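The figures here come from the full heavy-atom set of this structure, side chains too, leaving out hydrogens, waters and symmetry mates. Note that the structure is predicted; figures quoted are calculated from it, not measured. The first residue in the sequence is number 1, and the count goes up from there.
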Amino acid sequence: MRRCVIAMAGVAVGAGLLSGCGAIDLPLAAVQLGADGKPHALIRPCGDDRVQGLSLTGTKAKDGSGPNLSGWHVPDTVRPGNAGFPLFSPLTDWHARPSGTQTPVADYTYQLGFMKGESNYEYSVTLTFRTADLAKLKPGQVWADDRAMSLGEFEKLAEDSC
């Protein structure tokens, strides 16, 4: 009986090693309020990585699920580098396609996200926030990793995560 339990444990460990891992979620996106008082996105993919699925999704559901009622998506892979832009105005050469309202809606949950757009899909990025989170930011702060922090803390967090 003991050999059977040991053999089964060995099979489970072996299967886990052979199956590989899914993409890990990294804190490589932030939102801050610009000098104009409007939200601005910051994305920091690792190195010169191509990304895919770059999008902003605004939904009525608190968990961010459901149809996109306020946001945009980029249909192709892009190599954005370290980019910052008004939240509802992604860079024009990305050819983003708008969805619904193009201004923040107080009752919506937003998700800004992307994933590594190369063959191994090592990481994904999902930043979830509401307008109430942004309203709490002090000057020089960003919303990242589900909390307010300084811009410098975010840059270090993103750099250390890659």
Side-chain angles (χ1 to χ4, degrees), residues 21-118 121-162:
C21 299
I24 59 171
D25 196 39
L26 297 179
L28 305 178
V31 177
Q32 65 181 1
L33 295 177
D36 59 3
K38 295 180 181 177
H40 288 246
L42 302 170
I43 59 171
R44 302 294 187 258
C46 297
D48 195 31
D49 285 348
R50 288 179 101 32
V51 303
Q52 68 180 21
L54 182 56
S55 63
L56 174 68
T57 305
T59 69
K60 290 182 179 181
K62 290 196 185 298
D63 66 357
S65 64
N68 190 0
L69 303 173
S70 174
W72 46 265
H73 77 279
V74 175
D76 299 314
T77 62
V78 293
R79 197 177 304 274
N82 289 343
F85 52 91
L87 188 60
F88 289 94
S89 298
L91 302 181
T92 56
D93 61 340
W94 296 348
H95 306 288
R97 296 181 181 157
S99 297
T101 305
Q102 295 298 295
T103 56
V105 178
D107 294 337
Y108 287 9
T109 298
Y110 286 92
Q111 290 186 328
L112 176 63
F114 60 90
M115 65 188 300
K116 183 176 178 182
E118 297 174 26
Y121 305 115
E122 294 169 349
Y123 62 86
S124 62
V125 176
T126 305
L127 173 66
T128 303
F129 62 94
R130 297 176 61 84
T131 58
D133 298 323
L134 304 182
K136 297 175 193 172
L137 296 177
K138 296 176 182 158
Q141 286 189 317
V142 301
W143 184 263
D145 201 27
D146 296 325
R147 59 193 166 98
M149 64 181 70
S150 73
L151 177 58
E153 288 173 297
F154 166 65
E155 296 292 3
K156 181 166 178 23
L157 178 65
E159 183 178 326
D160 291 349
S161 296
C162 291

Mind checking whether P45 and Y123 have side chains closer than 4.5 Å, heavy atoms only? yes

I need the minimum non-hydrogen distance between S124 and D25, along with the two atoms involved. O-OD1, 3.0 Å

R44 side chain reached by F154 side chain, heavy atoms, under 4.5 Å: yes

I'd like to check L151 versus L42 (side-chain heavy atoms, cut-off strictly below 4.5 Å). Are they in contact? yes

Is any side-chain heavy atom of P104 less than 4.5 Å from a side-chain heavy atom of F88? yes

Determine whether V51 and V125 make a side-chain contact, defined as any pair of heavy atoms from C-beta on separated by less than 4.5 Å. no

Counting only heavy atoms not in R50, do more than 12 sit closer than 6.0 Å to its CZ atom? yes

Which heavy-atom pair separates A41 from L112 by the least distance, and what is that distance? CB-CD2, 3.8 Å

Just by distance, do the side chain of T126 and the backbone of G113 share a donor-acceptor pair under 3.5 Å? no

Side chain Y110, main chain S70, donor-acceptor under 3.5 Å: no

Donor-acceptor under 3.5 Å (W72 side chain, L87 main chain): yes

Looking at side-chain heavy atoms only, is the closest gap between L157 and M149 below 4.5 Å? yes

Can you name the side chain to side chain donor-acceptor pair (under 3.5 Å) partners of Q102, sequence neighbours left out? none

S150 and V142 have their tightest heavy-atom pair at O-CG2, 4.0 Å

Side-chain donor/acceptor of N68 to backbone N/O of L56, under 3.5 Å: yes

Not counting sequence neighbours, list each pair that qualifies as a disulfide bond (SG atoms under 2.5 Å apart) and has a residue in residues 29-115. C46-C162

Would you please indicate yes or no on a ring centroid separation below 6.0 angstrom for F85 and W94? yes

Would you say the side chain of D63 lies within less than 4.5 Å of the side chain of T109, judging by non-hydrogen atoms? no

Is there a side-chain contact between Y108 and K60 in this structure, where contact means two heavy atoms from C-beta onward sitting under 4.5 Å apart? yes

